[in-house]
Q: 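Let me give you the structure first, and then I'll get to my questions.
These numbers come from a predicted model, not from an experiment. Chain identifiers are assigned alphabetically (A, B, ...) following the order of the sequence lines, protein sequences preceding nucleic acid strands; residue numbering begins at 1 within each chain.
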Number of protein chains: 4
Amino acid sequence: MVPGNRFERRKQRTRQDILRAAERVLADKGLFDAKIADIAEEADIGVGTVYLHFQTKEALTEAVVEDTVTRLKDTVDRARASVESVVDKVRVSTQALCRFAHANRAVFRVVFGRGGGYHDIVRRAQTMFAADIERTLAEGVAQGVFRVGSAALAAQALVGMSTQLLAWWAEQDTTSIDEVEATITHLTLHGVGRTDEGV
Amino acid sequence: MVPGNRFERRKQRTRQDILRAAERVLADKGLFDAKIADIAEEADIGVGTVYLHFQTKEALTEAVVEDTVTRLKDTVDRARASVESVVDKVRVSTQALCRFAHANRAVFRVVFGRGGGYHDIVRRAQTMFAADIERTLAEGVAQGVFRVGSAALAAQALVGMSTQLLAWWAEQDTTSIDEVEATITHLTLHGVGRTDEGV
Amino acid sequence: MVPGNRFERRKQRTRQDILRAAERVLADKGLFDAKIADIAEEADIGVGTVYLHFQTKEALTEAVVEDTVTRLKDTVDRARASVESVVDKVRVSTQALCRFAHANRAVFRVVFGRGGGYHDIVRRAQTMFAADIERTLAEGVAQGVFRVGSAALAAQALVGMSTQLLAWWAEQDTTSIDEVEATITHLTLHGVGRTDEGV
Amino acid sequence: MVPGNRFERRKQRTRQDILRAAERVLADKGLFDAKIADIAEEADIGVGTVYLHFQTKEALTEAVVEDTVTRLKDTVDRARASVESVVDKVRVSTQALCRFAHANRAVFRVVFGRGGGYHDIVRRAQTMFAADIERTLAEGVAQGVFRVGSAALAAQALVGMSTQLLAWWAEQDTTSIDEVEATITHLTLHGVGRTDEGV
DNA sequence: TATGAATGAGGTTTCATTCAT
DNA sequence: TATGAATGAAACCTCATTCAT
């Protein structure tokens, strides 16, 4: 009823159109070869309209990245909160991460793949994820379930491993996401070493 | 002695000057904000001279990356060849990688850090490293020392873990390279799990 | 009373709102940095509404200038008509000009200050003022009261002197308008020369 | 002989080419409708070359204005220094100003005409000229030759009168520069009043 | 071989104007 | 009549590459 709402709704829809178009174009051309004109054309709007919604090209790409990172963090946080044991936390957060990558393959490639780390926001995101994992690791160590030298370093390493492997996976077509999930989970919990020695 | 040789030597020296200058500028400004003019100035030569040695900017950055990757691969290969057991191969190649990162901090940041994966050559390098590790893993599995689902996936994951952690380390100043090495080795062999349960 | 009148009155009021807002914005940002969007916001209306009242940006700024020039000319004309002698005409028209500048400082700065002469309308206005002054000068010369080489040139020069000095005055805060008036009047009638030599 | 000199000479020649082309284009199209591309074409060079010599469009127009103002000030200063009496100083500096305007008609129109005052540098220049004149006026007053209320205000007014009249003259073709000079000199010394009353 | 001024295609960004509601 | 999101032409500026010296 209120006119402001109608305008506002339309504006928000256009904003979402731009974000989705940007995701597609960025995934297609990469973070540095994507031109604003390409994105505008993909969204089927004028170039000026992009600047009505985002102050600079930088701001647009940051919005794409931030949008993705926020959704991913929500997903992983919810998964982690749904279980109790630290081992389960590792399992389900890995599962959530892989499922997200599977459902958002193109944009995942943009954000965590080639050139993704170029943006501060990705680094901040990795730091956030690492902080969460560090807490779980510390808890596991306290419970005598985990053993790591430095929880902080280990967390950083595990985030690196997961994102790199998923970025690699997202670039090719020969591996199922389930295999990736199994690999991450197994390496995280046991590394490459045998754990059945006494069996 | 022959004049041709003297010219050739001078030419090679200039080429090396450019490569070293490029490493510094790339590390300083990043892969996309580094201008050819910056590199020429850092090398204290004219811009035109750069184009006498490298056909395009792309060729120059690839040369920087390739130079680094080649030296790194030599180092790791030699280390790996110096020992027999698969566990030792993991240990010494991790050690070699970390020492190289320590000795080539700036350029390591360029090649494996933010935006590094943007270049095909880095991806090819990661694939090469992964292939070597995959062979070691397969050998270890055959010996009953290692246990992994897919050696190929695990190798990719371990390369990702190592390079990401080292890239992170190279950006900051609070962690010693030895801690990093210990973390990578431990996670690779055991993950975060306890392996002394029966002890 | 008639509906048409009410609409008409409202329309005229909006038009005046836009003109006043334009004066403020133009004075604030200058003739070339003032955006239509700025003016619309200052007037608290939509940008589209501006175009219901003025066909182009040019038309709006011309309206601002013309409005000011018209009011100024009315004021000066009335003053000039109120006295008889040519010397008094000089005195009172200078006085009227200064009082107008004092009462319309911001818009005076726009119209006669920096960049003002960019618009044809200002040049036409100066020509109109100059024509009036020229007539007074010619009359004074005929009466043997004034002595000038070319009344046309002198008129142009006097208009330039007055508007420039007032534009300068309008930009700063250290001089009273009365001093300015005295200066213009004195220079117009006597220049910098002593006129009391024989006294 | 020294290569640097040859490069430097060529560079300076291009710089001058650009400045001259800019003067022509600015005079032709005005300070705000002149595009960098127009100037580059007029100078018969690439657009990039303009930016090799001037950091921004603003810097280029400032250079044009500053160049003109500097030459003008030199001319007037030299003229003023060549005579002793304050009345002669008024005469010869007016003469120098008019001759400069005559010899640099197009660029004079740019700098002191429509839109010229938009640039700070023009305002600063007017202030400098006014300061010189103020000193002469004060000297004349001390000698009992001149009579003004405020030397500062009078100086500002006289600068305004001269530049405005010359800008007007530069726009049209019907008046000789000598008439303009005579008018400025006469108005400056005597205003419009008769000074021969007692004769 | 070395130089660095010159080039110009191509990118980002602005803003007067339009038009569907 | 009023609105403000949308438009796109056109401007500024960058920088990899060339070329005359």
Q: From the 5' end of DNA chain F to its 3' end, which nucleotides mark the outer limits of contact with chain D, defined by a 4.0 Å heavy-atom distance cut-off (strictly under)?
A: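 Contact boundaries, 5' end first: F/dA11 to F/dT21.
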Q: For the atom pair CG (C/N104) and CZ (C/R71), what is the distance rounded to the nearest 0.5 Å?
A: 4.5 Å
Q: Given that D/V50 and B/T49 both sit by DNA chain E, which one's nearest nucleotide is further toward the 5' end?
A: B/T49
Q: How many whole angstroms separate atom NZ of C/K57 from atom C1' of E/dT14?
A: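 Whole-Å distance recorded here is 12 Å.
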Q: E/dT12 P sits how many Å from A/F54 CZ, rounded?
A: 15 Å
Q: B/E58 or D/A37: which one's nearest nucleotide on DNA chain F is closer to the 5' end?
A: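 First, find each residue's nearest nucleotide; the 5'-ward one identifies D/A37.
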Q: Closer to the 5' end of DNA chain F via nearest nucleotide, is it C/L52 or A/V47?
A: C/L52
Q: My understanding is that a pair needs two contacts under 3.5 Å, Watson-Crick or G-U wobble. By that rule, which nucleotide pairs with E/dT21?
A: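 Because both required distances fall under 3.5 Å, E/dT21 counts as paired with F/dA2.
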Q: Rounded to the nearest 0.5 Å, what separation is found between the CG atom of C/L60 and the CD1 atom of C/I39?
A: 5.0 Å
Q: Quick one: A/Q55 CD to E/dC15 C1', roughly how many Å, whole number?
A: 15 Å
Q: Quick one: OH on B/Y51 to CD1 on B/I36, what's the gap to the nearest 0.5 Å?
A: 4.0 Å
Q: State the CG-NZ distance between D/L31 and D/K57, to the nearest 0.5 angstrom.
A: 7.5 Å
Q: What is the separation between atom OH on A/Y51 and atom P on E/dT13, rounded to the nearest whole Å?
A: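 For the pair A/Y51 OH and E/dT13 P, the rounded distance is 4 Å.
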Q: Hey, does D/I36 reach any base, or is it just sugar-phosphate, or nothing, if we go heavy atoms under 4.0 Å?
A: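 Result for D/I36 = sugar-phosphate.
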Q: In whole Å, I'd like the distance from the CZ atom of A/F32 to the P atom of E/dG11.
A: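 Going from CZ in A/F32 over to P in E/dG11 covers 15 Å.
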Q: Roughly how far, to the nearest 0.5 Å, is the NZ atom of A/K35 from the CD atom of A/E41?
A: 14.5 Å
Q: Starting from the C-alpha separation in whole Å, work towards a yes-or-no answer on salt bridge (charged side-chain N to carboxylate O under 4.0 Å, His left out) for B/R20 and B/E23.
A: CA-CA 5 Å; B/R20 296 303 151 248; B/E23 286 180 7; 2.7 Å; yes
